[in-house]
Amino acid sequence: MPQSFDLLVIGAGPGGYVCAIRAAQLGLTVACAEKRATLGGTCLNVGCIPSKALLQSSENYAALTHDFAAHGITAGAVSLDLARMQARKAEVVSANVKGVEFLFRKNKIAWLKGEARITAPGRVTVAGTDYEAKHIVIATGSESTPLPGVTVDERRIVSSTGGLELDAVPGHMVVIGGGYIGLELGSVWRRLGAEVTVVEFLDRIVPTMDQEIATAFQRILTKQGIKFRLGTKVTQAVASETGVALTLEPAKGGPAEPLAADIVLVAVGRRAFTDGLGLDALGVARDERGRIRTDAHYGTNIAGIHAIGDAIAGPMLAHKAEDEGVALAERLAGQAGHVNYGVIPGVVYTWPEVAAVGQTEEDLKAAGIAYKIGKFPFTANGRARAMGDTDGLVKILADKTTDRLLGAHILGPDAGTLIAELATAMEFGASAEDVARICHAHPTLSEAVKEAALAVDGRALHI
Ligand code: FAD
Ligand code: NAD
């Protein structure tokens, strides 16, 4: 008789492992299959965590080489030990993935090592062993989208995985795609001394963010030395021992031109990963982009098979996957889990950071919703001045008639932390006036949030 579980989760990324933990907390017997040697998925192994480790290290390096002198701090000769920086990153990853192992033991979750395939509803094979499960959750995540004419070899032409592992600072790095990965990893290598050129198909960067914020963001990145080729596509990249020869063309057509690089980072998006699961044989429905179709409760068209995270529709973000994991586990345990898709923050962890929640000005215009805007620049915030971090602004969008918060966008120091206040306010259905009336400690960056909320009604105090 195959071993049987209430729930068998396939994939131990933030969607899968969090779903497994929540279900175990609620008394279900749970197994989680993972084909990678370690738990934590893309996020902990080759995504969020290693990228943030390198962002922090490179930020420290840039502060020492560029910013500390203004504070009256000068050091002797500064040197970069990239091998040590990479080793530290590996230590950070290791501590995180071991933390998930500990949580599995604590919650008595069976870790099934190997690639899982669903052989029938309620039946899964992992590395040759059969298991039974009342419920199956697919949380197999995503992989980087390939670009025709540009073959990733993870040496000269890298995806984010190779881009996190370089053992030397490239002379010239060409980044294809001006989104989350391109700008975060482009920033890392720029700060460490590379010349960085971002080639972006559209005529703007970070296409899901508010346009005004994106324009200001691009200006700041340009000041940091990153070059941009907007409205441009790469049609070919040929790698050799010495570098990569790229062919660029205007996105709307026109003459081709060459560009030489030492390293090319391909970051044109990610796509759902469902290979090897046996979905075609089972008849599990997918959408036109290969994502598993689910109903509002994460059920697929096959009873007993559910899906969450990057493998289904919605933003490909770790916290979105986690919240879906919790909501689904609670539903399977008879509770009423729910995710509010209108209030999922997004953060680009460059410096300054860019953070957003809710709708952009472009969204509101397209939907014909009348709105008011409040803006406040960090140049007018005392704490930002003391820090020497005055680039950026807070922008709040509120309903013209009701004053209810509709969206918030922050470009500035610690924007990713600051956005949490506005996400909380939006979850509670707050108005801009509500945020403006909250006492914010002085001197903090969060006063810029309060001032932007006051500015919605034309009453900012410090500008
Ligand atoms: P994944 O984390 O992709 O996990 C899926 C797991 O399933 C994998 O471990 C895979 O090995 C396993 N698997 C697949 N098929 C099988 C099978 N058949 N059998 C067994 N196991 C299988 N998001 C953020 O919110 N913040 C960030 O700062 C951030 N930074 C990122 C940086 C980079 C460089 C990248 C690439 C991504 C980043 N993301 C970030 C996105 C984030 O990593 C994903 O949204 C998140 O990991 C999705 O979680 P998931 O559980 O759906 O899938
Ligand atoms: P992305 O969708 O963020 O950005 C891709 C960019 O590439 C877009 O600007 C797009 O217009 C551009 N593009 C597409 N095709 C192109 C082409 N042929 N030539 C030039 N440009 C092209 O994707 P990403 O940066 O690869 O990241 C994938 C996903 O991973 C993100 O969307 C996000 O969900 C997640 N992620 C999140 C974080 C974070 O939360 N901080 C960090 C990294 C990754």
Side-chain angles (χ1 to χ4, degrees), residues 9-19 32-52 54-55 97 112-118 124-127 138-145 147-150 159-161 163-164 175-186 198-209 214 229-235 248-249 251 265-278 307-312 314-322 324-325 344-350 353-355 416:
V9 182
I10 304 175
Y17 86 71
V18 166
C19 182
C32 182
E34 173 56 58
K35 65 178 182 170
R36 196 188 291 271
T38 49
L39 301 174
T42 303
C43 174
L44 271 58
N45 290 281
V46 292
C48 324
I49 298 302
S51 59
K52 267 77 252 179
L54 287 186
L55 278 158
V97 300
L112 312 178
K113 296 181 183 176
E115 188 175 19
R117 189 164 51 86
I118 308 171
V124 177
T125 297
V126 184
I138 300 171
T140 48
S142 61
E143 60 180 355
S144 49
T145 307
L147 185 60
V150 184
S159 70
S160 55
T161 302
L164 288 163
V175 174
I176 311 179
Y180 281 84
I181 292 176
L183 299 179
E184 288 187 358
L185 291 189
V198 175
V199 181
E200 165 59 50
F201 185 81
L202 301 175
D203 57 7
R204 55 164 296 176
I205 59 169
V206 280
T208 54
M209 297 276 183
R229 296 292 308 270
L230 302 185
T232 304
K233 62 183 175 187
V234 173
T235 52
L248 269 48
E249 277 179 30
L265 169 67
V266 182
V268 295
R270 293 180 63 83
R271 64 181 184 189
F273 178 82
T274 57
D275 294 358
L277 283 170
I308 55 171
D310 280 10
I312 69 169
M316 289 186 167
L317 296 171
H319 40 285
K320 175 260 194 189
E322 289 187 42
E324 288 177 345
I344 295 182
V347 181
V348 187
Y349 295 91
T350 45
E353 293 179 344
V354 190

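Just so you know, these numbers use all the heavy atoms, side chains as well, and skip hydrogens, waters and symmetry mates. Just so you know, ligand 1 is whichever comes first in the structure, and atom 1 is the first atom listed for that ligand.
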How far is [atom] from its nearest protein heavy atom, and which residue and atom name does that atom have?
atom                    : answer
atom 3 (O) of ligand 1  : T42 OG1, 2.6 Å
atom 7 (O) of ligand 1  : G11 CA, 3.2 Å
atom 51 (O) of ligand 1 : G15 N, 2.8 Å
atom 44 (C) of ligand 1 : D310 OD2, 3.3 Å
atom 24 (C) of ligand 1 : A318 N, 3.5 Å
atom 53 (O) of ligand 1 : G141 CA, 3.1 Å
atom 41 (C) of ligand 1 : M316 O, 3.6 Å
atom 19 (N) of ligand 1 : A116 N, 2.8 Å

List ligand 1 atoms under 4.0 Å from [X], heavy atoms only on the residue side.
X    : result
S51  : 32 (C)
L317 : 23 (N), 25 (O), 45 (O)
I10  : 17 (C), 19 (N), 20 (C)
T140 : 5 (C), 7 (O), 14 (C), 15 (N), 16 (C)
S160 : 34 (C), 36 (C)
C43  : 2 (O), 43 (O), 47 (O)
P14  : 2 (O), 46 (C), 47 (O), 49 (O), 51 (O)
F273 : 14 (C), 15 (N)

Option of least heavy-atom distance to [atom] (set: [options]):
atom                    : options               : answer
atom 35 (C) of ligand 1 : G13, G41, G47         : G47
atom 26 (N) of ligand 1 : C48, A139, G346, S144 : C48
atom 12 (C) of ligand 1 : K320, K35, E324, E34  : E34

Could you check whether any side-chain N or O of [X] sits under 3.5 Å from a backbone N or O of [Y], counting only pairs where one atom can act as donor and the other as acceptor?
X    : Y    : value
E324 : G309 : yes
E322 : P14  : no
N45  : L39  : yes
T232 : V199 : no

Atom-level proximity to ligand 2, residues with heavy atom under 4.0 Å:
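For ligand 2, the contacting residues are K52, L147, I176, G177, G178, G179, Y180, I181, G182, E184, V199, E200, F201, L202, P207, A267, V268, G269, R270, M316, L317, V347, Y349.
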Just heavy atoms, cut-off under 4.0 Å: does [X] contact ligand 1 by side chain, backbone, both, or neither?
X    : answer
Y349 : side chain
V126 : neither
V347 : neither

With only distance considered, is A321 within less than 3.5 Å of ligand 1 through an N or O on each side?
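No - when backbone and side-chain N and O of A321 are compared with those of ligand 1, no distance drops under 3.5 Å.
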State if [X] counts as touching ligand 1 under the rule of any non-hydrogen atom under 4.0 Å.
X    : value
K52  : yes
R270 : yes
L39  : no
G276 : no
G114 : yes

For [X] and [Y], work out which heavy atoms get closest and say how close.
X    : Y    : result
I308 : G325 : CD1-CA, 3.7 Å
F273 : T140 : O-OG1, 2.7 Å
S160 : I181 : CB-CG2, 3.7 Å
A251 : F201 : CB-O, 3.5 Å
I10  : A116 : CG2-CB, 3.7 Å

What's the separation between atom [atom1] in [X] and atom [atom2] in [Y], rounded to the nearest 0.5 Å?
X    : Y    : atom1 : atom2 : result
T38  : K113 : OG1   : NZ    : 10.5 Å
L248 : T235 : CG    : OG1   : 7.5 Å
E115 : E34  : CD    : CD    : 10.5 Å
K320 : I312 : NZ    : CD1   : 4.0 Å
M316 : D310 : CE    : CG    : 5.0 Å

Answer whether the closest heavy-atom distance between the side chains of [X] and [Y] falls below 4.5 Å.
X    : Y    : result
R229 : V234 : no
T42  : R36  : yes
L54  : L164 : yes
I118 : I138 : yes
V206 : L183 : yes
V266 : S144 : no

